[in-house]
Protein chains: 2
Amino acid sequence: MVSQKIPNLSVDCVIFGYNGKELKVLLIEQKKISEQLKTQYALPGDLVEIDEDLDEAANRVLFELTNIKDIYLEQFQAFGNPVRVKEQKDSDWLRSIREFPEERVITVAYYSLVNIEDVAPKGSAFADHTEWINVKKVPPLAFDHDQILNHALQRFRSELVTKNIGFELLPPKFTLSQLQQLHELVLDKKLDKRNFRKSIKKIDHLEPLDEKQTGVDHKPAQLYRFNPKKED
Amino acid sequence: MVSQKIPNLSVDCVIFGYNGKELKVLLIEQKKISEQLKTQYALPGDLVEIDEDLDEAANRVLFELTNIKDIYLEQFQAFGNPVRVKEQKDSDWLRSIREFPEERVITVAYYSLVNIEDVAPKGSAFADHTEWINVKKVPPLAFDHDQILNHALQRFRSELVTKNIGFELLPPKFTLSQLQQLHELVLDKKLDKRNFRKSIKKIDHLEPLDEKQTGVDHKPAQLYRFNPKKED
DNA sequence: AAGGTAAGTGTATTTTGTACACTTAACCAA
DNA sequence: TTGGTTAAGTGTACAAAATACACTTACCTT
């Protein structure tokens, strides 16, 4: 049995992933049958259930889509432009994914950082409609999702430096060069290797493992992990 | 005629003011008739109207309460704990101010900075129920408003330093010492006068006037204003 | 064994933040 | 008018943080 949903309150999730080269965002895709064969995308999201906390709802959306839990997830802004749904009322393809009411929907937006390898869209119910897209090549999205994505990116950039959350996008074991490349990509600037290492070695819970990179044609790098449980 | 409201979506405003000595917050007060004569307070807020943007709704709440417009207003968090209203369902005094439904209400919280002198609560419809309260002496509030107030304070503190928004709490003409005292109060630490001036003189649009303080028994201070339109 | 590749490391310089004390201008009272 | 009181206004020396910069090392490949 399906829980009852609040008809005009949704959460939307901007899910970021990193494949070693590009910063990507997980979008829901659907072919527009009616007009052309043009593909349109939207952020994953859903109406909030009647007895559900907002954070719970966002985690549910994430889990339903990716089958993973305990993900870095942060609320960053509520959007309530009254025309945000009506504008696209005629595009009813999204109704198949979310049960949209006629009236305006307020959405509370979250951004999320996942290890892209953990996400197996093929296993999820939305498999056919899910796609990782390079954030630099995202086409115009449904509703006001372009605006939401932009806000998410801005917030992520500023929190990347203040909170050092980059490793959330990497596999559990990673090298410092991987982390640096990620920072360079997100902040869109080249960083000095020695200075970068100085700065990130200040952060807690980042510990070197007794293990090195394998299968590379050069000096193998030290592997690190982020271990929040580490006592001091 | 009253506009139609969305039954489970509200905005709440944490309105900060500064009287030269204390940081205050504007609260709605009502005597509990039923139990004792104990006074209880809540943040000003209201349900969002059906065709209203969230920012508009927050501005409306502010205007209805204070009769002023064009105020510094910033959304900082949505709160959606499903028990946030039910917990206090038995206290029906607040129903007289806001039309609360039985079910859970999501609230989008804003904080606002006003020149306390501009606010004449006596002129507003809520005059009898409105009070400026020292943030250090706020009693337990209705619903989850304590939590919301705490979040607002944290956000304000961090944005005070990153965005230099302190003057929003001061009269249009102010001295640098007034600004410094405000910073010291909000950040809860003593600041060095010369270093403070060095740092704030970096910020744009802060310009000295051809005018000095009057009516003080010491050397009168230079008056400044914040002028965002100033070309450079 | 030699060449290719990215890993790993320290120091000097610049910029920013912090600590600190005396002179000035107005008011007031004698 | 003069001397006392009050807060305004101002610069420099030191410490800390951020930045710029180049060579050696370890593993893989041929």
When the distance from [atom1] of [X] to [atom2] of [N] is rounded to whole Å, what number comes out?
X	N	atom1	atom2	answer
A/E211	D/dA26	CD	P	19 Å
A/Q213	D/dT25	CD	C1'	15 Å
A/F196	C/dT9	CZ	P	14 Å
B/L191	C/dC20	CG	P	15 Å
A/K219	D/dT29	NZ	P	17 Å
A/R197	D/dA17	CZ	C1'	20 Å

So which one's nearest nucleotide on DNA chain D is more toward 5', A/P220 or B/D192?
B/D192

Specify the residue among B/D217 and B/Y224 whose closest nucleotide of DNA chain D lies further upstream toward the 5′ end.
B/D217

Given [options], which nucleotide is nearest the side-chain atoms of [X]?
X	options	value
B/H218	D/dG9, D/dA7, C/dG17	D/dA7
A/A221	C/dA7, C/dA25, D/dC28	C/dA7
A/N195	C/dA6, C/dG8, D/dC21	D/dC21
A/K198	C/dT18, C/dT9, D/dA20	D/dA20
A/R194	D/dC28, D/dG9, C/dG10	C/dG10

For A/Q213 against A/P220, the heavy-atom pair lying closest together:
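Scanning both residues, the minimum pair turns out to be O-CB, 3.1 Å.
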
Indicate, yes or no, whether a donor-acceptor pair under 3.5 Å links the base of C/dA7 to the side chain of A/K193.
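Between C/dA7 and A/K193, which were checked side chain against base, a qualifying N/O pair under 3.5 Å is present.
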
Could you tell me if B/Y111 and B/Q75 have a donor-acceptor pair between their side chains, going purely by distance under 3.5 Å?
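Absent: no donor and acceptor within the cut-off.
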
If you measure from the Lys or Arg side-chain nitrogens to the Asp or Glu carboxylate oxygens, is any gap between B/K173 and B/E211 under 4.0 Å?
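Yes, charged N to carboxylate O under 4.0 Å.
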
Taking 4.0 angstrom as the limit, do A/R60 and A/E56 come out as a salt bridge?
no

On the nucleotide C/dA7, are OP1 or OP2 found under 4.0 Å from the side-chain N or O atoms that A/S177 carries?
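Yes, such a contact exists.
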
Within the pair A/K212 and C/dG8, is there a side-chain N or O less than 4.0 Å away from OP1 or OP2?
no

Take A/L223 and B/K202, find for each the nucleotide of DNA chain C with the closest heavy atom, and name the residue whose nucleotide sits nearer the 5' end.
A/L223

Scan A/Q222 against the nucleic acid and name what it touches under 4.0 Å (heavy atoms): base, sugar-phosphate only, or nothing.
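Answer is sugar-phosphate: A/Q222 comes under 4.0 Å of backbone atoms only.
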
Just how far is it from atom OG1 of B/T107 to atom CD1 of B/I148, taken to the nearest 0.5 Å?
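Separation between the atoms: 5.5 Å.
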
